[in-house]
Amino acid sequence: MTSSAGAPEVTPILHVDMDAFFVSVAIRHQPELWDQPVVVGGHARGVVTCANYPARAYGIHAAMPGSMARRLCPQLVSVRLDFGEVAEVSKQVREIFRRATPLVEVVSVDEAFLDVRGATRLFGSPEQIAHRIRRQIAEELSITCSVGVAPTPSVAKVGSRKAKPDGVVVVRPEDVPGFLHPLDVGELYGVGPSTRKRLRRLGFETVGDIARTPVPTLHQILGPRLGGHLHRLATGTDRRELTGRLGPDLPDRSTGAQETFGHDLSDREDIVRELLRLSARVTRRMRRAGTVGRTIALTVRFSDFTTISRSRTLPDPTDVTQEVHAIAVRLYDDLNLRGRALRLVGVRVEHLVAREGTDRQLVLGERERGWSEADRAVDQVAERFGSQLVRRASLLHNGRG
DNA sequence: TCTGGGGTCCTAGGACCC
DNA sequence: TCTGGGGTCCTAGGACCC
């Protein structure tokens, strides 16, 4: 660490993370609910998507089955999510970030990294910038957020988690080891329940235990990838530059849809119809994004929750509903389930590329061309009148339309 | 308590080619 | 005739994140 006039040479990074974002957006104009336990999701066989802090006080958290959440807190309020409003608020939050610095890297709808090295002259210390952003978000959007300030993105991210809810945590360069080392290994990004268990079996309990272990040893135990990654996180040495990317401008690598049924399905006809519904949803999304994909994957979950997948790669990419559906059905038939009850099915298209430049006209048969045109016609009507109105005949009741 | 939905990335084995 | 090693693609499963 070099220092010219006593101050170490560091890039101040902010990690800003909205508090219980989905719930906060849903009830931001209902202050009477702010101190009540509120969740988004958790109906029927579903799980809680997001829980606010009063709900968390009852032990409720995201991914918890709704039935359990209601048992823990009978007066729990469940609210609906307006995706349009979520997107709008998310956009407004980004605009507030941009007032502080152009170096914003959006991670997801509710969090971003900010490189504020060029903003300190105008707005003061990184900590002052953090408070300024929090104030603007609270005043203009009626939601709260938490901020971590640190010399690297990953330390800033841990900082924002420690700051929750509605707070700021500043980690100065000289304090990084003291801040990170006492933490549980499970607090590192990329260490979930499974890796945590494995690490603890091997005697690693704290982040410091990892930081003090020679890299080659970690490589040996965890593989070169995870080993190297965790050592960098544990020592706070992940000094990458932010991409300055305002949102995910890279095309998706895959896209898919899956559905857990209200009750398990075993009839082939029902399942084939669900596969058509899902194939249509996925390919419509692809046509809108202008992507085509070569690998079609089917996911199947049984009543006992065991889950398997089968996939097939085509010579040419497609976005045609009928083609994706036909392959999904073949993959299903090849499983030879003989009417075994299914809890969930999913269809996913992988290896996506831009449709431009993958002109298939020469290999397209008349039939396929016809399906492709039918898809586009359905898309156009759906754009104009809403997708509820346009359904394929076999999606109607009894498959007879 | 009984487990959503949309993604990304990694690993490992087998096939195939050079 | 047997052997090796590396690279790439495909498939299945799993861990993880939001």
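Chain letters run A, B, ... following the sequence lines, proteins first and then strands; every chain starts at 1. Values below: every heavy atom of this structure, side chains too, minus hydrogens, waters and symmetry copies.
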Visitor: NA contact type, Arg285(A), heavy-atom cut-off 4.0 Å: base, sugar-phosphate, or nothing?
Guide: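 Sugar-phosphate contact only - Arg285(A) comes under 4.0 Å of backbone atoms but never of a base.
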Visitor: Just checking, Arg301(A) and Phe305(A): is the charged tip under 6.0 Å from the six-membered ring centre and within 45° of the axis?
Guide: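 Flagged: Arg301(A) positioned over aromatic ring of Phe305(A).
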Visitor: CE of Met18(A) versus P of dC18(C): gap in Å, rounded?
Guide: 14 Å
Visitor: Rounding to a whole Å, what distance do you find between Arg70(A):CZ and dT3(B):P?
Guide: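 Atom-to-atom, Arg70(A) to dT3(B), this comes out as 11 Å.
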Visitor: What is the base-pairing partner of dC18(B), counting Watson-Crick and G-U wobble geometry with both distances under 3.5 Å?
Guide: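 Its partner is dG5(C).
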Visitor: Which sits closer to the 5' end of DNA chain B, Val48(A) or Thr255(A), going by the nucleotide each is nearest to?
Guide: Val48(A)
Visitor: Distance-only, no hydrogens or angles: does the Arg28(A) side chain make a donor-acceptor pair with backbone N or O of Leu141(A) under 3.5 Å?
Guide: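 At least one qualifying donor-acceptor pair exists.
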Visitor: Identify whether any heavy atom of Ala257(A) sits under 4.0 Å from a base atom; if not, whether one sits that close to sugar-phosphate; answer base, sugar-phosphate or nothing.
Guide: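 Sugar-phosphate contact only.
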Visitor: Examine dA12(C): is either OP1 or OP2 under 4.0 Å from a nitrogen or oxygen in the side chain of Arg310(A)? Give yes or no.
Guide: yes
Visitor: Let me know the distance between CG of Leu230(A) and C1' of dC10(B), rounded to the nearest Å.
Guide: 13 Å
Visitor: What is the separation between atom CG on Leu278(A) and atom P on dG7(B), rounded to the nearest whole Å?
Guide: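 These atoms are roughly 12 Å apart.
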Visitor: Do NZ/NE/NH1/NH2 and the carboxylate oxygens of Asp333(A) and Arg268(A) come within less than 4.0 Å?
Guide: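 Salt bridge: yes.
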Visitor: Begin from the C-alpha positions of Thr318(A) and Val324(A) and carry the test side-chain contact (heavy atoms from CB on, under 4.5 Å) through to its verdict.
Guide: CA-CA 8 Å; Thr318(A) 182; Val324(A) 171; 4.1 Å; yes
Visitor: Describe the nucleic acid contact of Leu72(A) in one word from base, sugar-phosphate, nothing, applying a heavy-atom distance below 4.0 Å.
Guide: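 The answer is nothing, as Leu72(A) stays clear of every strand by at least 4.0 Å.
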Visitor: Starting the side chain at C-beta, find the nucleotide from dC16(C), dA12(C), dG5(B) nearest to Ser309(A).
Guide: dA12(C)
Visitor: To the nearest Å, give me how far apart CG (Leu188(A)) and C1' (dC17(C)) are.
Guide: 14 Å
Visitor: Please report, rounded to the nearest Å, how far the C1' atom of dG13(C) is from the CG atom of Leu335(A).
Guide: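 Distance check: Leu335(A) CG to dG13(C) C1' gives 14 Å.
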Visitor: Please measure how far the C1' atom in dG4(C) lies from the corresponding atom in dC16(B), and state the result in whole Å.
Guide: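 Those two atoms are separated by 15 Å.
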Visitor: Please determine if Arg240(A) forms a cation-pi arrangement with Phe113(A), meaning its NZ or CZ atom is less than 6.0 Å from the six-membered ring centre and no more than 45° off the ring axis.
Guide: yes
Visitor: Would you kindly compare Ile308(A) and Arg294(A) by the position of their nearest DNA chain C nucleotide and give the one closer to the 5′ end?
Guide: Arg294(A)
Visitor: Under 4.0 angstrom, heavy atoms only, what part of the nucleic acid is Lys197(A) near: base, sugar-phosphate, or nothing?
Guide: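 Nothing, no heavy atom under 4.0 Å.
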Visitor: When you match Phe305(A) and Gly223(A) each to their closest nucleotide on DNA chain B, which lands nearer the 5' end?
Guide: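 Between the two, 5'-proximity favours Phe305(A).
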Visitor: Can you tell me the distance, in whole Å, between the CD atom of Gln258(A) and the P atom of dT3(B)?
Guide: 15 Å
Visitor: Is a side-chain donor or acceptor of Arg294(A) paired with a backbone partner of Val349(A) at a separation under 3.5 angstrom?
Guide: no
Visitor: For dC16(C), does either OP1 or OP2 sit under 4.0 Å from a side-chain N or O belonging to Thr195(A)?
Guide: yes
Visitor: Rounded to whole Å, please give me the gap between CG in Leu352(A) and P in dG6(B).
Guide: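 Taking CG of Leu352(A) and P of dG6(B), I get 14 Å after rounding.
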Visitor: Which base, if any, makes a Watson-Crick or G-U wobble pair with dT11(B), both distances under 3.5 Å?
Guide: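 WC or wobble partner is dA12(C).
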